[in-house]
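Residue numbers begin at 1 in each chain, while the letters A, B, ... track the order of the sequences.
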Amino acid sequence: MNLSPTGARRVRTRVAPSPTGDPHVGTAYVALVNYCFARKHGGDFILRIEDTDRARSTPESERAILEALHWSGLSWDEGPDVGGPFGPYRQSDRSAIYVRYADELLASGHAFRCFCTPERLEAMRAAQRAAGQQQKYDGHCLTVSPEESARRAAAGESFVVRMKVPESGVCIVHDLARGEIPFEFSTVDMQVLLKSDGLPTYHLANVVDDHLMEITHVIRGEEWVSSAPKHLLLYEYFGWEPPALMHLPLLRNPDKSKLSKRKNPTGILFYERMGYLPEALLNFLGLLLAPAPEGQEIFGVDVLIERLDLAKISLGGPVFDAAKLDWLNGQYLRALTTDELLARTAAWGFDRTRLERIAELAKSRIERLSDLAPTAGYLFAGRLAVTKDSFAGTKLDDDVLRKALALAMWRLDAERTFDKEVVERVLKGVGETLAVKFRDLSRVYYVAMTGSATSLPLFDSMELLGRDLCRERFRVALDPFGGVSAKEQKEWMR
RNA sequence: GGCGCCAUAGUCUAUCGGUUAGGACGCCGCCCUUUCAAGGCGGAGAGACGGGUUCAACUCCCGUUGGCGCUACCA
């Protein structure tokens, strides 16, 4: 049941990123629509951290996401950093709430404890796969009586809580842009609601929180369409009114696959380090959200708020067109006064602290003041023009070289923090893996990161450049060698 | 494999049955200009395919094909 945007309830939207990696432009995109929709209707926009995945969530990532979103210029009325009347806004701080609701479902018979081992589940799926059947929970623990279930749980046996799903019937999902989407209940899995560590899965947490936080419109990525029936079912089990749903198309790589780090820069902070203005980035994303009247493609968030119409959002997955972003950014740069341009440039990469550090690194390596710019220039650049020839001086053959670049890139990505110590440890580790003296290997990294085999210290340079720019430089360096295939990635990562 | 979403130029899009299918990025050309940009002007370039419905289909319906998503004790 859809709520009218002009209905009695105050409109409340949210963006709910999971702190499991670098802040993604997709998050900014989803945040932007939710922000504008809330503003358009005089409502509230909430930021909630979905960190129920204990293994992958990190505080570093959460901090980075808040920082990136703040940089973009978006702000939220409630969130982990600003508080609000519906807190806490970090799901790991709400664990007890989910357990309570899971118990409620258990008591009402809408959910059951599942004691199946991962091994059994894996074997079950393998069999279903082999038989060409749909893969879903077979209902094994559905037969455990409530009494036995309670007893086994009390005895300390490990279990998860799964939701029950009707065996037949159809669930109609009302999507604000797509209309009615029918799902046979028989194709809906008995989703795990509470994991054996006592934390909820997205499905439970999201429904409980959206209800308690009085979210009226859930505007999220298309990847959630197929789990919408589960969510709707949970609202029904709880006796709650579901929010209106809207699924946004996913941002794509130029080859139309889902925008991914392996093929493209996806980090918000990458765009910041490259020197894009946040207003240009938001304008670019806004272009994917609201059709621009002819010749009026340059507009700010205020205009987007006016133009936004969820039902009119184009549903084809838009390719993230970096060339158009470049053009837009140029437009914004040109619109700045010289004073503004200088101020923004200074704030971007020429702040006193950074310059001091660079000066110290460069001091012993320059003989004239005029040497400074050529020596440190790469620290203020985006992508570097490196070719195969740039690596000519290295003693490594192409394959080892590719591996050296790729391993460094992936291993650095896997690190929680990115500073000179981490960089040093990781790069030297790659040397050990490849059984190459670091002295020979470092040259490769110097070329890829600084564009030259002779420049300021590598580890400091990389820290100064930052994770996102370094990743991109690795990618660019790998390019003339044909990149790395997904298959190789799998092999090399072992 | 199963389920679902999507489908106008290379890319982002307009069109809500009747248009020479409009705009933007990119590309090409011209103008401006000491160069290069920027800016101005112009150009090439699109309805995936096959069936219906209709006086009329890019637009509605069905199928095919293709792309994408989901198919975890990840979100």
Side-chain angles (χ1 to χ4, degrees), chain A residues 16-21 24 26-27 49-57 61 91 113-118 121-122 125 128-137 158-162 171 173 175 177-179 181-189 191-206 220-230 247-260 283-298 311-331 333-335:
Chain A
S18 180
T20 54
H24 197 279
T27 303
I49 295 294
E50 308 238 344
D51 59 347
T52 55
D53 184 342
R54 224 178 220 160
R56 297 198 305 147
S57 298
S61 174
Q91 290 184 333
R113 291 191 190 84
C114 171
F115 300 91
C116 294
T117 62
L121 293 174
E122 189 34 56
R125 286 191 200 102
Q128 288 168 341
R129 228 181 351 256
Q133 290 171 337
Q134 177 187 175
Q135 290 179 51
K136 63 177 230 189
Y137 184 64
S158 177
F159 66 89
V160 300
V161 174
R162 285 180 189 274
C171 174
V173 174
D175 183 284
R178 292 159 215 264
I181 308 171
F183 288 89
E184 295 276 351
F185 276 126
S186 61
T187 67
V188 178
D189 200 3
Q191 185 63 49
V192 169
L193 262 20
L194 209 60
K195 300 178 272 190
S196 57
D197 62 5
L199 292 182
T201 57
Y202 169 85
H203 307 281
L204 208 220
N206 133 276
R220 71 224 305 187
E222 193 178 13
E223 72 264 40
W224 296 110
V225 172
S226 45
S227 42
K230 295 170 188 171
H247 295 91
L248 296 166
L250 263 17
L251 267 24
R252 312 286 182 90
N253 293 312
D255 68 2
K256 296 276 189 179
S257 56
K258 179 167 87 165
L259 193 63
S260 67
N283 191 156
F284 174 74
L285 295 173
L287 241 17
L288 306 177
L289 294 167
E294 315 214 325
Q296 299 177 45
E297 297 206 301
I298 298 181
K312 278 195 175 173
I313 292 180
S314 181
L315 299 177
V319 169
F320 193 95
D321 186 357
K324 182 127 188 189
L325 210 211
D326 287 343
W327 171 78
L328 260 176
N329 203 54
Q331 296 293 315
L333 250 22
R334 249 156 257 143

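- When the P atom of A14(B) is taken as reference, atom CG of Leu288(A) falls 11 Å away, rounded to whole Å.
- Shown here for Ser186(A) and Gln134(A), the closest heavy-atom pair between the two residues is O-NE2, 3.7 Å.
- Distance, Asp326(A) CG to C27(B) P: 11 Å, rounded to whole Å.
- Across all strands shown, U54(B) remains unpaired; no Watson-Crick or G-U wobble contact has both distances below 3.5 Å.
- U71(B) and A14(B) are spaced 36 Å apart, taking the C1' atom of each and rounding to whole Å.
- If you check every strand for non-hydrogen atoms under 4.0 Å, Glu122(A) touches nothing.
- Computed from coordinates, the Leu285(A) CG to A24(B) C1' distance equals 16 Å when rounded to whole Å.
- A salt bridge links Glu222(A) with Arg178(A): at least one charged nitrogen is closer than 4.0 Å to a carboxylate oxygen.
- The partner of G1(B) is U71(B), by the rule that a Watson-Crick or G-U pair needs both atom distances under 3.5 Å.
- When Watson-Crick and G-U wobble pairs are counted only if both distances are under 3.5 Å, G42(B) pairs with C28(B).
- Separation of the P atoms belonging to G63(B) and A7(B) is 15 Å when rounded to the nearest angstrom.
- Comparing G52(B) with A57(B), their P atoms sit 12 Å apart, to the nearest whole Å.
- Separating the P atom of G42(B) from that of G22(B) is a span of 14 Å, rounded to the nearest Å.
- Put simply, CZ on Arg252(A) is 17 Å from P on G10(B), counting in whole angstrom units.
- The partner of U19(B), taking Watson-Crick or G-U wobble pairs whose two distances both stay under 3.5 Å, does not exist in any strand shown.
- Partner assigned to C36(B) is none, using Watson-Crick or G-U wobble distances below 3.5 angstrom.
- With rounding to whole Å, Gln296(A) atom CD is found 16 Å from C12(B) atom C1'.
- Residue Leu315(A) contributes atom CG, which lies 10 Å from atom P of A14(B) at whole-angstrom precision.
- Relative ring orientation between His203(A) and Trp224(A) is described as perpendicular, the plane-to-plane angle rising above 60° on a 0-90° scale split at 30° and 60°.
- Taking atom NE2 of His247(A) as the reference point, atom P of C5(B) lies 12 Å away to the nearest angstrom.
- Comparing the same atom, C1', in G43(B) and in G26(B) gives a spacing of 14 Å after rounding to whole Å.
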| remark: Under a 4.0 Å heavy-atom criterion, the protein footprint on nucleotides 69-75 of chain B, written with B, S and -, is SSSSBBB
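- Separating the P atom of U59(B) from that of A21(B) is a span of 15 Å, rounded to the nearest Å.
- Here the side chain of Asp189(A) pairs no donor or acceptor atom with the backbone of Ser227(A) at under 3.5 angstrom.
- In this structure, Thr20(A) contributes its side chain and Arg56(A) its backbone to no donor-acceptor pair below 3.5 Å.
- Closest non-hydrogen pair, Ser57(A) versus Thr52(A), comes out as OG-N, 4.4 Å.
- Among the nucleotides G22(B), G39(B), C25(B), the one closest to any side-chain atom of Arg334(A) is G39(B).
- What you find for Pro19(A) and Ser61(A) is that their closest heavy atoms are C-OG, 3.0 Å.
- The nucleotide whose nearest atom lies closest to any side-chain atom of Phe183(A) is, among C12(B), G4(B), C6(B), G4(B).
- For the C1' atom pair drawn from G18(B) and U65(B), the interatomic distance equals 29 Å after rounding to whole Å.
- For the pair Leu193(A) and Leu204(A), the tightest heavy-atom approach, listed with the atom from each and the gap, is O-CB, 3.6 Å.
- Protein atom NZ of Lys312(A) is 15 Å distant from nucleotide atom P of U13(B), rounded to whole Å.
- When all heavy atoms of Phe185(A) and Lys136(A) are compared, the pair lying nearest together is O-NZ, 4.4 Å.
- In this structure, U64(B) and A48(B) make a Watson-Crick or G-U wobble pair, each of the two defining distances being under 3.5 angstrom.
- Between U54(B) and U64(B), the distance separating the two P atoms is 23 Å to the nearest Å.
- Considering only side-chain atoms of Pro318(A), the nucleotide from C12(B), A24(B), G67(B) that sits closest is C12(B).
- Comparing Leu325(A) and Glu294(A) along RNA chain B, the residue whose closest nucleotide (by nearest heavy atom) sits nearer the 5' end is Glu294(A).
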